[in-house]
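The structure under discussion appears below in the form of structure tokens.
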Amino acid sequence: MSEMNVVVAGFCARDEAASSRCRKSWLLGMSWRGGDKRLSRYGCMQCRNFRAKDGETVRCSHCLSRSRSVASRYKSPSARLHPSKRLPSSSSSPSTPSSNTLTPIAGPNTITQLMNRFNFTPPAGKLSLEDLELVIQWCTSTYCSISRNSAVERIWQTVVPREAMKHPFLLHGLLALSALHIAFNNEGDERDHYSKIAQSHQIQSLASLKHTAGCVNRTNCEAVFAVSNIVTASFFALPSLRGPVPGGSAIDDLCEVFQSTRESMNLLTEAAQWVEDTELRPLVKSTPTMPNTSRLAILCLQRLNMTLASRDPQHEKDVYDIALQHLASSLETLAQGGEATPVAFLWILRIPSRFIELLRERQPFALVILAHYAVTIHSMRGHWWMGDLGERVLHEIGLHLNAEWRQSIDWVIDATGCYIPTPAIQNSQSVLL
């Protein structure tokens, strides 16, 4: 097997650690081998040719012990770069190479073969080495985190990157989530470096996406639908990347995600209507896989909504009716085996803005509805950008509901299996069940 085949085989590996080692090795122009054996990155060329271990000192101890002249080094250890200067920026000119740029030994043919492997046709502007690293990250790992269904993973791995080469807003969104994924798996300077890269690409993606407002059609609907899901996943990733904040609230974090999504991704609903006749159809269509036990739960909530409205003239029944109507559709699609990602994201765009305000006010009935919605995000807990947000939201909701209100989330507890603690406060408003 040739060295190129070894590299490509490494890229296709699903194991996160293996694909990460492979990606970094390719960027340094080296072949990748499994196991614990590591090759010398900064040793002299003579040791590299003999595949010998080099202590990477100023004068090669391996050569000196064998009375061989010390050959020129591949790269001095002192030339190791700070993370912020390790890769060329997307804005840097390709015609003026910098001394801080690591150039892979692999030639243009190798890059061409790799791009063909994933069906890539580069856009008019050439991808920088930094961008290429993020593209490889997407094709080997990040694409898996968008879908929970292996049957549609091919769409995210091949169809979406192909569309990204035609639409800059999708390309930047794809690169942003890939950078966040790398940042999530690192700490310190590496995390800060890739977080800044992600922020830069996300800004460019949103700026480019604005030009498609009111212009969603058959030619760009796939790209708009894909980038809407990708960027919304980036919004969900921010609380996990930031980590727990003392005195912070999971409900408030989720409301911030709702607000950011509604402000930036309002094209998702429009694009979803077009993609039913495209290659992305499996992402919005589903086949029944299990009984829909949520119907009875939604019926109980609708009946409770009418009861509360009859007892309290200030109860905002219409707002809750809209939220419940779309929640019923979302839970039914999820029960039928639909993709959880678009299901969860579309509900955010369809609820009234007033409902988010009621959540911030911690209105009990709004929290009960949110608990039912949390079933969808809890089903995505295996995705790195979602994590345990659903469980933390349910835990916090439990602390705001008294014993009577907690009866309204029995189905949620059964569906998720999450432990919801005894409320620390007692709500004076009673519920007529």
Side-chain angles (χ1 to χ4, degrees), residues 239 244 247-255 257-258 290-312 314-332 334-335 340 343-344 347-348 351-352 354-381 386-433:
S249 166
I251 296 177
D252 288 338
D253 286 343
L254 190 56
C255 287
V257 173
F258 287 177
M290 62 180 181
N292 183 12
T293 60
S294 66
R295 291 180 181 175
L296 181 59
I298 295 297
L299 287 174
C300 291
L301 292 182
Q302 291 172 337
R303 188 181 305 130
L304 177 59
N305 189 30
M306 291 188 291
T307 301
L308 293 173
S310 65
R311 295 168 49 194
D312 182 7
Q314 301 299 321
H315 181 75
E316 302 186 44
K317 178 179 179 296
D318 293 341
V319 174
Y320 293 126
D321 274 338
I322 297 174
L324 286 172
Q325 175 186 350
H326 293 301
L327 180 61
S329 176
S330 298
L331 291 176
E332 182 172 0
L334 187 65
V343 166
W347 185 80
I348 297 173
I351 58 176
R354 173 58 181 160
F355 181 78
I356 300 178
E357 296 176 6
L358 294 172
L359 289 176
R360 295 186 186 277
E361 295 171 6
R362 301 299 192 265
Q363 292 296 324
F365 192 55
L367 293 178
V368 168
I369 296 177
L370 182 65
H372 285 72
Y373 169 75
V375 173
T376 63
I377 61 177
H378 180 73
S379 70
M380 297 186 287
R381 60 191 179 279
M386 182 63 73
D388 63 346
L389 179 60
E391 184 174 354
R392 290 190 291 112
V393 167
L394 289 174
H395 184 279
E396 190 171 326
I397 289 175
L399 296 177
H400 286 85
L401 300 179
N402 62 20
E404 292 179 309
W405 278 107
R406 281 166 61 87
Q407 296 179 46
S408 301
I409 59 174
D410 285 344
W411 177 83
V412 175
I413 298 175
D414 292 338
T416 62
C418 293
Y419 166 73
I420 299 182
T422 303
I425 61 175
Q426 289 295 320
N427 195 312
S428 60
Q429 185 177 6
S430 62
V431 184
L432 180 59
L433 297 175

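From a predicted model like this one, the values you see are computed outputs, not experimental measurements.
Checking each of D321, V368, D318 against N305 for a side-chain contact (heavy atoms from CB on, under 4.5 Å) leaves exactly one that passes, namely D321.
For the atom pair NE2 of H326 and CD1 of I369, the computed distance is 12.0 Å after rounding to the nearest 0.5 Å. Between the CE atom in M306 and the NE2 atom in H315 there is a gap of 10.5 Å [rounded to 0.5 Å]. Atoms CD1 and CG, on I251 and L394 in that order, are 9.5 Å from each other to the nearest 0.5 Å. Of the inter-residue distances, the one linking L389 atom CG with R381 atom CZ reads 13.0 Å to the nearest 0.5 angstrom. Taking CZ of F365 as the start and CG of L324 as the end, the distance is 5.0 Å to the nearest 0.5 Å. I351 CD1 to L358 CG: the interatomic distance, rounded to the nearest 0.5 Å, is 10.0 Å.
Contact detail for C418 and I413: the closest heavy-atom pair is O-CG2, 3.9 Å. Taking each heavy atom of A344 and M380 in turn, the nearest pair found is CB-CE, 3.6 Å. Heavy-atom minimum distance, L304 versus W405: CD2-CZ3, 4.1 Å. The heavy-atom pair separating L367 from H400 by the smallest distance is CD1-CB, 3.7 Å. Across every non-hydrogen atom of A371 and I409, the tightest pair is CB-CG2, 3.8 Å. Scanning all heavy atoms of the two residues, the minimum distance from S294 to E332 falls at OG-N, 4.3 Å.
The backbone N or O of R303 lies less than 3.5 Å from a partner atom in the side chain of T307, making a donor-acceptor pair.
The aromatic rings of F258 and Y373 stand perpendicular to each other, their planes meeting at an angle above 60°, with 30° marking the opposite boundary.
Looking only at side-chain heavy atoms (C-beta outward), E391 and T416 stay at 4.5 Å or farther from each other. Here the side chains of V412 and I397 are not in contact, with every heavy-atom distance at 4.5 Å or above. In this structure, the side chains of T376 and W347 stay at 4.5 Å or more apart for every pair of heavy atoms. Between L299 and Q302 there is a side-chain heavy-atom pair separated by less than 4.5 Å. Looking only at side-chain heavy atoms (C-beta outward), R295 and I298 stay at 4.5 Å or farther from each other.
For D312 and K317, the salt-bridge test fails: no basic side-chain N is under 4.0 Å from an acidic carboxylate O. With respect to the salt-bridge test (charged N to carboxylate O, under 4.0 angstrom), the residues E316 and R354 qualify.
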**Request:** May I have the step-by-step check of side chain to side chain contact (heavy atoms under 4.5 Å, CB included) for L301 and Y320, ending in yes or no?
**Result:** CA-CA 9 Å; L301 292 182; Y320 293 126; over 6 Å; no

**Message:** salt bridge (Lys or Arg N to Asp or Glu O under 4.0 Å), that's the test. Do R360 and E357 meet it? Break it down for me.
**Reply:** CA-CA 5 Å; R360 295 186 186 277; E357 296 176 6; over 6 Å; no

